[in-house]
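Residue numbers begin at 1 in each chain, while the letters A, B, ... track the order of the sequences. Because the structure is a prediction, the values reported are computed rather than measured. Basis for what follows: all heavy atoms, side chains included, without hydrogens, waters or symmetry-related copies.
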Number of protein chains: 2
Amino acid sequence: MRLVAQNSSLRPASDSVERILAAAEDLFAEHGYDAVSISDIATRADVCKSNVFHHFTSKDELYLAVLNDARQAFFELIDDLHDSAGTLPERLEKFAGSHLQRLIELGKISRLVLRDLLENSPERSKQLAEKVFDNNFSLLVDTLRTSQQRGEIRADINPAMAAVVLISADVFFFQASNVLRHFPDIDFADDGARYSKMLVDILLYGILPRVPIAAN
Amino acid sequence: MRLVAQNSSLRPASDSVERILAAAEDLFAEHGYDAVSISDIATRADVCKSNVFHHFTSKDELYLAVLNDARQAFFELIDDLHDSAGTLPERLEKFAGSHLQRLIELGKISRLVLRDLLENSPERSKQLAEKVFDNNFSLLVDTLRTSQQRGEIRADINPAMAAVVLISADVFFFQASNVLRHFPDIDFADDGARYSKMLVDILLYGILPRVPIAAN
DNA sequence: AATAATACTGACCGATCGGTCGGTCAGCGG
DNA sequence: CCGCTGACCGACCGATCGGTCAGTATTATT
C-alpha cells in the first residue's frame, strides 16, 4: 500500500502513515480500543486528526490495520523455529524459550492480541487471532506428533494437549508476570529463560519421582 | 453499606443498587470499562442515569465496586478445595477440574479480572488482582510443597512452578477455548473435564515414555 | 509554467460522554 | 401535621467523541 524509500531523492515523501500506525499500535495495545481516541493517536503521530481519516477511512479500519501488522510481525519471526534440530528435549526447550522471548519482545502486539481474545465476538477478531496462532501451534503439534511416531513420546499423549500446556504456560507468564512477582513463593517472575527450562522439565518428565511406573 | 431484607414489611426498599451492580458487572466484563457508558448501565438496570450517580460517586467507583464484588465471589468458593483428601493425583485432578469449572462458572468475573490484568498499571488493579489469585495459588503451592516433603514429588521441582503450569493451563483454556475450537488438531475445546484429566496426566508423568530416566 | 493529484490542515458537525442540578416523592420521627 | 432524609428523575452542562469538508501545501507529470 505504501512505497517506502523507493529512491534517494525520489519519494522521501511522508512517513505519516507509519507514524500513525506506530502510534495506534502503542496506544491500542496499552489502553485498548475504546480508551484511545483518534485525537490521541494523531497527537502522538504528530499529525492532525483529519489526516488520520485521510489515510484510514475509520477508526475501525485503523484498528484492523494495526492488528494485521501485528499478525504479520508474528508470522515473520517463526521461521527459525522450524529448522531446529537436536533431541526432543533440546528442541522443546528452544521452542519454549524462543516463544516466550518473542511474546515479550512483541509485548505491545501480544497484549493487543490477548485483548482481542477477551472480546468474545465469534467473528470480529477470533478468526483473525486464529491466523496469528495457527502457525506457531500447528508447527509445534506436528513436531510433537512426529516425535510420538518415533516413539519419543508416550503413545497415549495427545500432542495438541502437550502443545497447549507449553504455550499456555508461556502466555500466562507474559500476561501475569506482574502479578506473579508479588507472590513470596515465586522467584522466577523476572527470569524467562529459567521459567522455560523448568517448564520443559515438567512437561517432559512430570513432577512425580522418576521411577518406573506400573506398566500402562 | 447496604441493608438487605432487614425485615419483612420494613424496608422492602429498593434493589436498585444491586441491579446497577449486576448490570455493570455484565457490561464491564463483556465489553470493558471504556466501551460501557453509564447510560448503558442505567438502561439495563432499569433506572435513570442520575440514579447511578446517586449511589456511586463516579464511574470509577462503580467499577471498583464491581471488581470488589468479583474478588469476594472468587474468595467464597475456594473452601471446598482445602479439605480434599486422597492421593496426590486425585487431589490435583480435583483441584484442576474445580478450578477450571470455577473459571467458567464465574465467566463474567474471570473475564473482568483478565481484562484488568492486561492493564499494566502497577498499582491500579494489580494489587487487587493479587488478592484474587493469592488464595487459590498459595493453597495449591502449600499442598504441593507438603507432598514434596513426603517424597511424593521430585525434590528438584519448584512447587510454585508446578502450580503455575497447572493454573496457566486452566486460564488459557478459559480465555482461548473459542480460538482453540477452530484448530483441527484440537477436539477437547468443549470438554473441560477431559482437558483437566489430560493436563494432570502430563503434569504428573510428563510426556516422555514412562521408563527410568538417566539419573539426574 | 501549468495541471492534476495527492498530503495535509483547521474549522466544524451531531452525538454521546461523565457528571451536575433542581426538584419530586415516599417514609419516618417528632 | 411538619420537617427531614434518601431514593429517584428529567433536564442540562462542558468536553470530547468519530467523522466531514472546504481549502491549502506539496509534489509529479506534462
Between S98(A) and F95(A), is there a donor-acceptor pair closer than 3.5 Å when you use the side chain of the first and the backbone of the second? no
In whole angstrom, give the distance that lies between atom CZ of R19(A) and atom P of dA7(C). 14 Å
In whole angstrom, what separates I41(A)'s CD1 from dC17(D)'s P? 11 Å
Between the side chains of D60(A) and Y33(A), is a donor N or O closer than 3.5 angstrom to an acceptor N or O? yes
Please classify the nucleic acid contact of V36(A) as base, sugar-phosphate, or nothing, using heavy-atom distances under 4.0 Å. sugar-phosphate
Atom NZ of K59(B) and atom P of dC17(C): how far apart are they, to the nearest Å? 9 Å
Find the distance D34(B):CG to dA15(D):P and express it as a whole number of Å. 20 Å
Hey, which sits more toward the 5' end of DNA chain D by its nearest nucleotide, D40(A) or T57(A)? D40(A)
Taking dG18(C), dC8(D), dT9(C) as options, the one with an atom nearest any side-chain atom of N51(B) is dC8(D)
Looking at dC8(C), I'd like to know if its phosphate oxygens (OP1 or OP2) sit under 4.0 Å from a side-chain N or O belonging to S16(A). yes
Is any side-chain N or O of K49(A) under 3.5 Å from a base N or O of dG19(D), one able to act as donor and the other as acceptor? yes
Given Watson-Crick or G-U pairs with both distances under 3.5 Å, what dot-bracket string fits DNA chain D, with | for other-strand pairs and [ ] for crossing? ||||||||||||||||||||||||||||||
Heavy atoms only, 4.0 Å cut-off, all strands: where does S37(B) land among base, sugar-phosphate and nothing? sugar-phosphate
Here the distance between atom P of dA7(D) and atom CD of E18(B), to the nearest Å, is 12 Å
Ignoring backbone atoms, establish whether H54(A) has a side-chain N or O less than 4.0 Å from OP1 or OP2 of dC8(C). no
Do I157(B) and D201(A) make a side-chain contact, defined as non-hydrogen atoms from C-beta onward lying under 4.5 Å apart? yes
For D170(A) and Y195(A), does a side-chain donor sit closer than 3.5 Å to a side-chain acceptor? no
Do F137(A) and I186(B) have side-chain heavy atoms sitting under 4.5 Å apart? yes
For dC8(C) and H55(A) - does any side-chain N or O of the residue sit under 4.0 Å from the phosphate oxygens OP1/OP2? yes
Closest listed nucleotide, where the reference is the side chain of S39(A) and the choices are dT9(C), dC17(D), dC9(D): dC17(D)
When every non-hydrogen atom of S58(B) is compared with those of F53(B), the smallest separation belongs to CA-CE2, 4.2 Å
Distance alone, cut at 3.5 Å: any donor-acceptor contact between the side chains of T43(B) and D40(B)? no
Length of the CZ-C1' vector between F53(A) and dC12(C), whole Å: 14 Å
Whole angstroms only, please: what is the CD1-C1' distance between I38(B) and dA15(C)? 18 Å
